[in-house]
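None of these values were measured; they are calculated from a predicted model. FYI, the numbering just counts along the sequence from 1.
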Amino acid sequence: MPDTSPRVTNPRGRPRKDAEFAPTEKVMVAAIEAFSLHGYNGVSLRTLNEQLGVSRNLLYQRFGSKADLWRAAVDWAFRPLVEYLETADDESADPMIRLRMLIRNFIEYSATRPYLARIATMEGAAPTDRLNYLYHNYIGPIQARFAPVFKQLREQGRIKNIPTEIFYFQLTSGGSAPFGQIGLVSLMAPQLAPQEVNQVRLYAESVAEVLLNGISLPDSSRGERRQTPEKDIPSELL
């Protein structure tokens with residue numbers, strides 16, 4: 001996973017000894033977990049420094065502010081997801097198969113990274129500069145990966161005129177919910193808690209089946225639906 005921490009100027013003199021005990025990967029894991037569990041306002045650099053076992057000023061010296069640490073942690077967490085979805089997406093495949101694979105890839109990637117769903121939910125609760133950053137850099141590009149597939153399937157008369165935003169929320173807030181709500185899952189559906197590869201694959205396939213069945217048109221109605229104008233759906237939602 002690439003090092004996405006901000007570039008900073010090294011201070012003069014010998015490096016601090018405790019810096020070697022806080023490599024970027026370790027800092028990012030601690031930071032994204034803290035922000036996803038406690039929210040931005042519930043996290044302090046001093047507490048994170050203590051958790052990492054380094055001096056109380058190390059994170060400030062490395063990142064400059066809590067806001068800069070938050071952005072670095074979000075970049076570290078979300079950029080690989082966007083890159084993975086892009087790399088794994090077969091644009092030459094049948095659009096229905098392509099959509100199924102996008103769903104499955106999203107679910108399987110999120111399964112071992114519960115902070116993704118938690119951060120999106122936490123920051124999505126209110127309009128802030130942080131939400132703008134998250135949306136324009138990561139949520140928007142992920143949604144844009146699905147949009148042309150929906151357009152192609154609509155043009156082929158294979159799916160209902162359901163706004164992609166509704167589908168996106170069902171996938172991200174619904175499909176990935178078990179990974180961000182481990183406590184609830186352990187009570188409601190313990191079989192979903194283990195993050196074993198085959199179990200995650202089975203769950204991802206089940207989510208894909210539910211979502212695709214919900215938007216698909218039966219074969220008998222495709223020809224008629226293809227001629228139906230999308231006048232009942234606001235253009236900004238199509």
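Leu48 approaches Ala34 most closely through the heavy-atom pair CD2-CB, 4.0 Å. The two residues Ser186 and Gly183 make their nearest non-hydrogen contact at OG-O, 2.6 Å. Looking at every heavy atom in both residues, Phe106 comes nearest to Ser110 through O-OG, 2.8 Å. Looking at every heavy atom in both residues, Ala88 comes nearest to Asn105 through CB-ND2, 3.5 Å. Across every non-hydrogen atom of Tyr203 and Gly174, the tightest pair is OH-O, 4.0 Å. Leu69 approaches Ala31 most closely through the heavy-atom pair CD1-CB, 4.1 Å.
Using modelled atom types and a 3.5 Å distance limit, the side chains of Tyr138 and Asp75 yield a donor-acceptor pair. For Ser92 and Asp90, the side-chain atoms include at least one donor-acceptor pair closer than 3.5 Å. Looking at Asn213 and Ser216, their side chains never bring a donor and an acceptor atom within 3.5 Å of each other.
Gln181 places no side-chain N or O within donor-acceptor distance of the main-chain N or O of Leu184, the cut-off being under 3.5 Å. Panel note: side chain Lys66, backbone Ser44; no donor-acceptor pair is recorded below 3.5 Å. Remark: the backbone N or O of Arg158 is not paired with any side-chain donor or acceptor of Gln156 at under 3.5 angstrom. Listed for the Asn137 side chain is a donor-acceptor partner under 3.5 Å among the backbone atoms of Tyr133. Asn49 places a side-chain N or O within donor-acceptor distance of the main-chain N or O of Leu59, the cut-off being under 3.5 Å. For Arg154 (side chain) and Ile162 (main-chain N/O), a donor-acceptor pair under 3.5 Å exists by modelled atom type.
A side-chain contact (heavy atoms from CB on, under 4.5 Å) with Glu123 is found for exactly one of Thr128, Asn132, Ile139, namely Thr128.
Taking the six-membered ring where tryptophan is involved, the planes of Phe146 and Tyr168 are perpendicular, since the angle between them exceeds 60° and thus also 30°.
The distance from atom CG of Leu116 to atom OG1 of Thr121, rounded to the nearest 0.5 Å, is 10.5 Å. The CD1 atom of Ile215 lies 11.5 Å from the CD atom of Gln170; values are rounded to the nearest 0.5 Å. The CZ atom of Arg201 sits 4.0 Å away from the CD atom of Glu108 when rounded to the nearest 0.5 Å. Taking OG1 of Thr172 as the start and CD1 of Ile107 as the end, the distance is 9.0 Å to the nearest 0.5 Å. Note that the CG atom of Leu85 and the CG atom of Leu81 stand 4.5 Å from one another [nearest 0.5 Å].
For the pair Arg113 and Glu33, the salt-bridge criterion is not met [side-chain N within less than 4.0 Å of a carboxylate O]. Salt-bridge check for Arg62 with Asp68: failed, with every basic side-chain N at 4.0 Å or more from each acidic carboxylate O. Remark: Arg104 engages Glu205 in a salt bridge, criterion side-chain N to carboxylate O under 4.0 Å.
Judged as a ring pair (Phe, Tyr, Trp, His ring centres under 6.0 Å), and not counting sequence neighbours, the contacts of Tyr84 are Tyr109.
Judged by a 6.0 Å distance limit and a 45° cone about the ring axis, Arg130 is positioned over the six-membered ring of Tyr40.
Looking only at side-chain heavy atoms (C-beta outward), Leu37 and Tyr115 stay at 4.5 Å or farther from each other.
There is a path of hydrophobic side-chain contacts, each under 4.5 Å, that joins Tyr60 to Met28. Using a 4.5 Å cut-off between side-chain heavy atoms of Ile, Leu, Val, Met, Phe, Trp and Tyr, with links allowed through other members, Met101 and Val82 fall into different hydrophobic clusters. Taken together through direct or relayed side-chain contacts under 4.5 Å among Ile, Leu, Val, Met, Phe, Trp and Tyr, Met122 and Ile142 form parts of separate hydrophobic clusters. Ile166 and Val149 fall within the same hydrophobic cluster, where Ile, Leu, Val, Met, Phe, Trp and Tyr residues are linked whenever their side-chain heavy atoms come under 4.5 Å apart, directly or through other members. Leu45 and Leu58 fall within a single hydrophobic cluster, where Ile, Leu, Val, Met, Phe, Trp and Tyr side chains are chained together by heavy-atom contacts under 4.5 Å.
For Asp129, the CG atom sits in a loose shell: 12 or fewer heavy atoms of surrounding residues, nucleotides or ligands are nearer than 6.0 Å.
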